[in-house]
Amino acid sequence: MARKHAYQILNQYFTDKSYLNITLNETLKNSQLSRQDKDLCTRIVYGTIQNLLFLQYQLEPYIQGKKIKRKVRTILLMSLYQLIFLDKIPEYAVINEAVKLAKKENYHTSQFVNAVLRNFKRHDLRSTDQLDDIEQLAIVTSHPLWMVKMMIKQYGLESTRKMCEENNKSPVRAARVNTLKISKDMILQDKDFCEGYLSPDALLYRHGNIADTAYYKQGLLTIQDESSQMAALTLAPQEGEYVLDMCGAPGSKTTHLAQLMNNTGTIEVYDLYEHKARLIAHNCQRLGVTNVHIHTHDATYLSELYPRETFDRILLDAPCSGLGVLKRKPEIKFHDSSVMDELIPLQAKLLENAYDLLKNNGTMVYSTCTINKKENDHMIADFTEKHRDMEVVEKRTILNYEYHSDGFFICKMIKRKRL
């Protein structure tokens, strides 16, 4: 049953480019699968997409350019993933389950699938030795060639290799303690949790789903990657301040700000969509946050809603290409590269609104979950060149392999009082 569900999720992805995490969560929530089968389903789904280019490269000699129906290709790719990467699953079980799935198409399809997979098992993996170093890295780690070249240009070959390899690992189970309700030391008494690597508020869960724990349900902690936690910690809001969170959904950073402010002062948080605003509200309620006002509005026009220089501190966690979260959302690898360039004017407009609304001597943090320097360092360089009163006081890029967290960019700026 785990493979049947994995097949359905993958086939939907290949059909309409659906978001894997949303489809997977909905499917598993409504299924009767055991915890073990849910884990297997998750591993097959994410593993197939994480390694998609490598799997296609391995499959190519066995189909020799034949036109294959999407559903059949899905069965072959997910089966190759299991045969290559999941050592503990018997080969006969993988092939038999693939044939069963193919029989739902027709008998000839099941024969074809059976023949391809058995032929594949009789041969060694297809070599990549004939490729140059960059092409080889792209194929072996299943990252598009344009992306690998961009990363090498920005970070060098070795860092790129480490990032690509890290992207294909399972993400750690990271949470943030909610100090409005409990101390971190109290939760650490439970041996299922341990300290994080980066954030002082982080907890790592050793096994299972954090959302299933009593700690999560009682609002004692929330799911949030360690890199993401550093955004609010870097902004460091003080009790009683007036704070703006420009792009708040799903509320992880918003509620962290409230926690740091000890539920004092006021946080105005915005998101463009009503359903995402409801997510923020739900998280605030679960975590006991009371100093947040939630709004639905386009943040590129916020300077029209408030007087200039209104806020003590502003968090702008900008929409971005997401190249830092490929462990969690591997399908992002296969987005069109033009998406990044389309986002840059939006990020710049958001920064302009933040500038207008920030008080003199106020503090702003610009953050993204991408490692693309055009959206990060270059964006800040252009912004501060235009606004010479904005002083960069802290800037860091967190690469995914450094703390086994998401890749992230954080820049803290202060608007220095004009003379």
Side-chain angles (χ1 to χ4, degrees), residues 1-52 70-71 73-75 77-79 81-82 86 97-98 100-101 104 167-175 205 207-219 221-225 228 247-252 254-255 271-287 294 296 319 322 325-335 339 369 406:
M1 287 299 288
R3 292 178 181 84
K4 178 183 174 183
H5 283 80
Y7 164 69
Q8 291 170 342
I9 294 164
L10 286 167
N11 196 51
Q12 184 174 337
Y13 167 73
F14 288 126
T15 302
D16 57 21
K17 299 305 179 194
S18 57
Y19 289 104
L20 283 182
N21 60 330
I22 295 174
T23 309
L24 180 67
N25 290 340
E26 286 298 314
T27 301
L28 296 186
K29 186 170 68 175
N30 298 321
S31 76
Q32 300 300 314
L33 295 179
S34 66
R35 180 73 259 169
Q36 187 176 8
D37 278 346
K38 285 181 178 180
D39 289 344
L40 176 59
C41 176
T42 300
R43 194 164 182 190
I44 292 172
V45 167
Y46 277 99
T48 301
I49 302 304
Q50 282 177 330
N51 296 281
L52 184 59
R70 182 187 62 251
K71 292 181 178 179
R73 185 178 289 272
T74 300
I75 293 169
L77 290 170
M78 62 180 276
S79 300
Y81 168 71
Q82 295 169 78
L86 301 187
E97 288 296 320
K100 283 183 187 177
L101 289 171
K104 296 184 185 298
N167 282 336
N168 288 347
K169 296 178 182 178
S170 297
V172 296
R173 301 174 180 90
Y205 194 46
H207 59 83
N209 188 345
I210 295 172
D212 291 337
T213 65
Y215 300 100
Y216 180 87
K217 293 172 183 175
Q218 294 168 19
L221 52 74
T222 195
I223 298 169
Q224 187 180 13
D225 185 78
S228 172
C247 306
S252 302
T254 312
T255 53
D271 199 88
L272 185 57
Y273 301 105
E274 189 64 45
H275 70 280
K276 290 190 174 181
R278 287 195 293 270
L279 276 177
I280 300 172
H282 173 75
N283 275 317
C284 286
Q285 183 178 24
R286 184 175 60 84
L287 298 170
I294 303 167
T296 304
V325 294
L326 298 184
K327 273 190 288 192
R328 302 176 194 282
K329 298 179 179 179
E331 67 272 26
I332 289 175
K333 287 193 286 191
F334 308 112
H335 288 178
V339 170
C369 58
D406 293 340

### Query
Out of curiosity, Leu272 CG to Thr296 OG1, how far, rounded to the nearest 0.5 Å?
8.5 Å
### Task
Find the distance between NE2 (His5) and OG1 (Thr27) and round it off to the nearest 0.5 Å.
7.0 Å
### Query
Is a side-chain N or O of Asn283 found less than 3.5 angstrom from the main chain of Pro250, in a donor-acceptor match?
yes
#### Entry: Asp225 side chain vs Asp406 backbone, donor-acceptor pair below 3.5 Å
yes
### Query
Can the positive tip of Lys17 be found less than 6.0 Å from the middle of the six-membered ring of Phe14, inside 45° of the ring normal?
no
### Message
Are there over 12 heavy-atom neighbours, none belonging to Lys333, within less than 6.0 Å of that residue's NZ?
### Response
yes
### Query
Between the side chains of Arg286 and Thr222, is a donor N or O closer than 3.5 angstrom to an acceptor N or O?
yes
### Summary
All heavy atoms of Lys71 vs all of Asn11, minimum pair found to be CG-OD1, 3.5 Å
### Sub-6.0 Å ring centroid separation between His207 and Tyr205
yes
### Task
Would you check if Leu40 and Leu86 make a side-chain contact, meaning some heavy-atom pair closer than 4.5 Å?
yes
### Message
Would you say CZ of Arg328 has more than 12 non-hydrogen atoms from neighbouring residues, nucleotides or ligands within 6.0 angstrom?
### Response
yes
#### Entry: Reported CZ-to-CD1 distance for the pair Arg3 and Ile75, which is rounded to 0.5 angstrom
12.5 Å
### Query
About how many Å separate CD1 of Ile294 and CD1 of Ile280, when rounded to the nearest 0.5 Å?
6.0 Å
## Note on the structure
On a heavy-atom basis, the closest approach of Ile44 and Tyr81 is CA-CE2, 3.9 Å
### Task
For residues Gly219 and Leu287, report the shortest heavy-atom separation together with the two atoms involved.
O-CD2, 3.5 Å
### Query
How far does CG of Asn209 sit from NZ of Lys38, to the nearest 0.5 angstrom?
8.5 Å
### Message
Whether Arg35 and Asp212 form a salt bridge (side-chain N of Lys/Arg under 4.0 Å from carboxylate O of Asp/Glu) is what I want to check.
### Response
yes
### Query
Any sub-3.5 Å donor-acceptor pair from Thr23's side-chain atoms to Leu20's backbone N or O?
no
### Query
Thr254 and Gly248: which non-hydrogen atoms are nearest, and at how many Å?
OG1-O, 3.7 Å
### Task
Could you pull out the closest heavy-atom pair between Leu28 and Cys41, with the gap in Å?
CD2-SG, 4.0 Å
### Summary
Heavy atoms of Thr213 and Ile210 approach each other most closely as OG1-O, 2.7 Å
#### Entry: Student check: side-chain heavy atoms of Cys369 and Ser228 closer than 4.5 Å
no
### Query
If we only count heavy atoms from C-beta on, is the Ile49 to Phe334 side-chain gap below 4.5 Å?
yes
### Task
Nearest 0.5 Å please: distance from the CD atom of Glu26 over to the CG atom of Asn21.
10.5 Å
### Task
Check whether any side-chain heavy atom of Glu331 sits under 4.5 Å from a side-chain heavy atom of Tyr19, and report yes or no.
yes
### Task
Check whether any side-chain N or O of Asn51 sits under 3.5 Å from a backbone N or O of Gly47 as a donor-acceptor pair, and report yes or no.
yes
